[in-house]
Amino acid sequence: LATLCVLSCCALVAYSGDTRKQAVARELQESLAPPPLNATLPRRSLLFQLERQSTERWNHSRRVLLLGKKARRDFRVYDWAFRVHHFDVHHSTSAVGVGDYDTQQAGAVLCHSIYTSNCLKLPKQAGAVGAGDYSRIFTMLLPSQKINRFSGVRQVLTTKDGLCDTLRQANLGARGLWRFTFPCYKLPDDGATLGALVNAGAGAGAGASGGAGPGSWIVKPPRGSQGSGIRVLSGAAMGEYIRSDGSNEFGREKGVKGAIVQPYLDAPLLSRGGRKWDVRSYVLCTSVAPLRLYLFTEGIVRYASALYAADATDSASVLTNTAVGKKVLRTGVSPITGTLAELASQLSGDGVMSPAELLTAMRETVGRLFLTVEAGFERYYARLYGGAADGDGFRCRGCYHLFGVDLIADASAQLHVIEVNVEPDLTISSGRAGSSETYDHTKYAAAFSTVRLVYSSRSSAAAVASLVAAHERRAGGARA
């Protein structure tokens with residue numbers, strides 16, 4: 001069973017400094033309140049024991065270890081989010097051993113790097129370590145110790161080539177994928193298939209209908225980030241790219257070469273007087289088997305730095321990545337970002353969709369993607385871990401992950417997932433030119449809400465016991 005929850009965290013409201021202060025004050029008051037006593041639940045009950053076993057280490061230690069090459073980048077936000085929840089945060093940009101003293105003493109390990117190997121090292125007695133051997137780290141964590149990463153996340157979800165493989169294994173076909181994302185092709189492997197589609201004119205001009213028609217294509221490096229290497233090609237240019245084996249331009253990264261090609265959305269829904277936009281939504285995943293997600297209702301709307309034209313191929317017009325926009329405008333994030341509340345107000349005023357419809361569309365689009373990749377995690381865990389771990393199969397029980405899921409809307413207001421970011425940048429803009437208070441607040445809110453949900457000080461055992469008892473009474477009544 002999959003659960004997709006919408007977390008109501010400082011929901012879609014017109015933003016102001018007072019609104020932020022009041023919201024944060026309420027959140028702090030709630031988080032710092034002492035946990036309620038379970039007077040009605042015997043401490044020997046099975047539910048109480050299970051809850052204690054799953055929370056004992058981080059509840060006792062209150063020590064968080066922030067590791068990886070991006071630890072310094074995100075330290076300010078996470079240090080605040082954990083400290084207001086009474087945790088002590090330590091950080092290091094160097095990897096530490098999974099069995100080292102510091103790691104053993106930590107209640108939670110946060111890996112802030114693309115690669116787990118930049119955060120944690122296997123013990124020397126593990127012998128020679130191959131590229132795939134770091135999956136063993138997730139079986140070496142202590143009971144009830146938390147880690148902010150799922151095993152296999154890059155292979156299944158957050159790299160362009162990994163997600164493409166997972167989507168293709170779902171066998172939904174191009175029409176099915178258009179419902180929540182875009183079809184994808186890998187070069188050079190899919191050169192013949194893609195060439196036939198290009199010759200038939202079955203590109204992005206077809207839109208969500210999936211029918212044939214003239215259109216452009218977008219070419220991406222399989223492991224790129226920040227808009228680097230992305231290009232938009234016409235049908236004719238795409239045909240020449242395939243024939244000349246142009247995918248060699250991206251070289252090789254850790255054994256990966258080639259390119260990812262997708263239909264280019266040449267009829268996007270525009271805003272701010274004719275600019276492309278996308279939404280960086282924050283999605284907290286607390287379980288992949290079974291799937292459990294929380295979609296935060298605050299996100300960052302990112303706008304292209306130049307007006308859009310259907311025949312445009314320049315980065316300023318077609319890419320909404322903030323790294324690209326800042327380079328083009330030579331300024332900060334303020335001119336190229338906005339809030340979901342602002343976007344929802346404009347879409348509602350234009351008669352496109354209401355704020356509630358926007359949130360519903362985000363929820364459905366994100367949910368469809370993650371439900372599609374759920375089987376990918378199950379296959380990955382079965383292949384790497386078999387059925388030995390956790391007794392009934394490895395589930396990465398101590399794992400959670402905050403994803404940055406990028407969404408774009410077509411002219412009919414249907415949302416599509418562009419990609420899923422493994423380590424969404426939580427750098428704040430204050431103190432820099434072109435800073436934005438709302439941009440910073442959204443990032444603080446994402447970190448704060450993640451800590452509040454994953455490391456909740458409120459016991460759930462009594463509430464679950466009440467639910468179980470209620471279900472038993474209803475089941476008994478039905479049998480009678």
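Here, residue 1 is the first one in the sequence, and each next residue gets the next number.
Taking C399 as the reference, C396 meet the disulfide bond (SG atoms under 2.5 Å apart) condition, with sequence neighbours excluded. Applying the side-chain contact (heavy atoms from CB on, under 4.5 Å) criterion to R272, with sequence neighbours excluded, gives R275, Y303, E342. In this view, R63 and H90 satisfy the side-chain hydrogen bond (donor to acceptor under 3.5 Å, both in side chains) rule, not counting sequence neighbours.
Rounding to the nearest 0.5 angstrom, the gap separating the CD atom in E374 from the CG atom in L293 is 9.0 Å. For the atom pair CZ of R302 and CG of L407, the computed distance is 10.0 Å after rounding to the nearest 0.5 Å. To the nearest 0.5 Å, atom CG of residue N321 and atom NZ of residue K327 are 9.0 Å apart. Rounded to the nearest 0.5 angstrom, C119 SG and I137 CD1 are separated by 8.5 Å. From L122, atom CG reaches atom OG of S135 across 8.5 Å, with rounding to the nearest 0.5 Å. Between F377 atom CZ and T166 atom OG1 the span is 8.0 Å, to the nearest 0.5 Å.
Comment: E423 does not engage K69 in a salt bridge, judged by the lack of any side-chain N to carboxylate O separation of less than 4.0 angstrom. Salt bridge absent: D190 and K186 never bring a charged side-chain N and a carboxylate O closer than 4.0 Å. Under a 4.0 Å N-O distance rule, the pair D74/K443 does not qualify as a salt bridge. Between K70 and D425 there is no salt bridge, since none of the side-chain N atoms of the basic residue sits less than 4.0 Å from a carboxylate O of the acidic one.
Between Y380 and Q155 the shortest side-chain heavy-atom distance falls below 4.5 Å. Counting heavy atoms from C-beta on, the side chains of L343 and T339 never come closer than 4.5 Å. T427 has its side chain within reach of R432: a pair of non-hydrogen atoms, C-beta onward, lies under 4.5 Å apart. V96 is not listed as a side-chain neighbour of K121, based on a closest heavy-atom distance of 4.5 Å or more. Looking at M362 and L415, their side chains come closer than 4.5 Å, going by heavy atoms from C-beta outward. Side chains of S234 and D311 form no contact here, defined as non-hydrogen atoms less than 4.5 Å apart. Using a 4.5 Å heavy-atom cutoff, the side chains of Y444 and R76 are in contact. Counting only heavy atoms from C-beta outward, the side chains of L187 and L194 approach each other to under 4.5 Å.
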Exercise. Could you walk me through whether F82 and F75 pass ring-ring contact (aromatic ring centres under 6.0 Å, His included), step by step?
Key: CA-CA 10 Å; F82 273 100; F75 177 73; over 10 Å; no
Exercise. Before giving the answer on side-chain contact (heavy atoms from CB on, under 4.5 Å), spell out for T297 and L359 the whole-Å C-alpha distance, their side-chain angles and the decisive distance to 0.1 Å.
Key: CA-CA 7 Å; T297 55; L359 284 178; 4.1 Å; yes
Practice problem: Please step through ring-ring contact (aromatic ring centres under 6.0 Å, His included) for the pair Y294 and Y282, ending with a clear verdict. | Solution: CA-CA 8 Å; Y294 298 86; Y282 294 97; over 10 Å; no
Self-check item: Evaluation steps, side-chain contact (heavy atoms from CB on, under 4.5 Å), between V153 and V422
Solution: CA-CA 8 Å; V153 68; V422 67; 4.0 Å; yes
Practice problem: Check the pair T159, I114 against side-chain contact (heavy atoms from CB on, under 4.5 Å), reporting the backbone distance first and the verdict last. | Solution: CA-CA 10 Å; T159 58; I114 293 176; over 6 Å; no
Quiz prompt | Evaluation steps, side-chain contact (heavy atoms from CB on, under 4.5 Å), between L402 and F296 | solution = CA-CA 10 Å; L402 178 64; F296 292 1; 4.2 Å; yes
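Scanning all heavy atoms of the two residues, the minimum distance from A447 to L426 falls at CB-CD1, 4.4 Å. Between C111 and T116, the shortest heavy-atom distance links the atoms SG-CA, 4.0 Å. The two residues I336 and T322 come nearest to each other via the heavy atoms CD1-O, 3.7 Å. L269 and D410 make their closest contact through CB-O, 3.3 Å (heavy atoms, listed as atom of the first residue, atom of the second, distance). Annotation for A106 and L65: closest pair CB-CB, 4.1 Å, computed over non-hydrogen atoms. Of all the heavy atoms in L307 and S317, the pair that sits closest is O-OG, 3.3 Å.
With S354 contributing its side chain and S348 its backbone, the two residues share no donor-acceptor pair below 3.5 Å. The main-chain N or O of R57 is found under 3.5 Å from a side-chain atom of S144 such that the two form a donor-acceptor pair. Here the side chain of K276 pairs a donor or acceptor atom with the backbone of V318 at under 3.5 angstrom. With hydrogens and angles disregarded, no donor-acceptor distance shorter than 3.5 Å links the side chain of E378 to the backbone of A375. The backbone N or O of H441 sits nowhere less than 3.5 Å from a side-chain atom of E298 that would complete a donor-acceptor pair. When atom types are taken as modelled, the side chain of Y381 and the backbone of S151 share a donor-acceptor pair closer than 3.5 angstrom. One N or O on the side chain of D440 and one on the backbone of S429 form a donor-acceptor pair closer than 3.5 Å. The backbone N or O of R368 lies less than 3.5 Å from a partner atom in the side chain of T372, making a donor-acceptor pair. Side-chain atoms of T337 come within 3.5 Å of backbone N or O of V333 as a donor-acceptor pair.
Using bins of under 30°, 30° to 60° and over 60° for the plane-to-plane angle, the ring pair F87/W58 lands in the tilted bin. Using a 30° and 60° split on the angle between ring planes, H416 and W178 fall in the perpendicular class, above 60°.
Between the side chains of N148 and H401, no donor-acceptor pair is found at a separation under 3.5 Å. For R179 and Q414, the side-chain atoms include no donor-acceptor pair closer than 3.5 Å. Side chain to side chain, T450 and Y400 fail the donor-acceptor criterion of an N or O pair below 3.5 Å. Inspection of the T320 and D278 side chains reveals an N or O donor paired with an N or O acceptor under 3.5 Å.
For an aromatic pair to be called close, the ring centres must be under 6.0 Å apart, and F448 with W80 satisfies this. Between H91 and Y78, the ring center distance fails the sub-6.0 Å criterion.
The number of heavy atoms from other shown groups lying within 6.0 Å of CZ (R379) is above 12.
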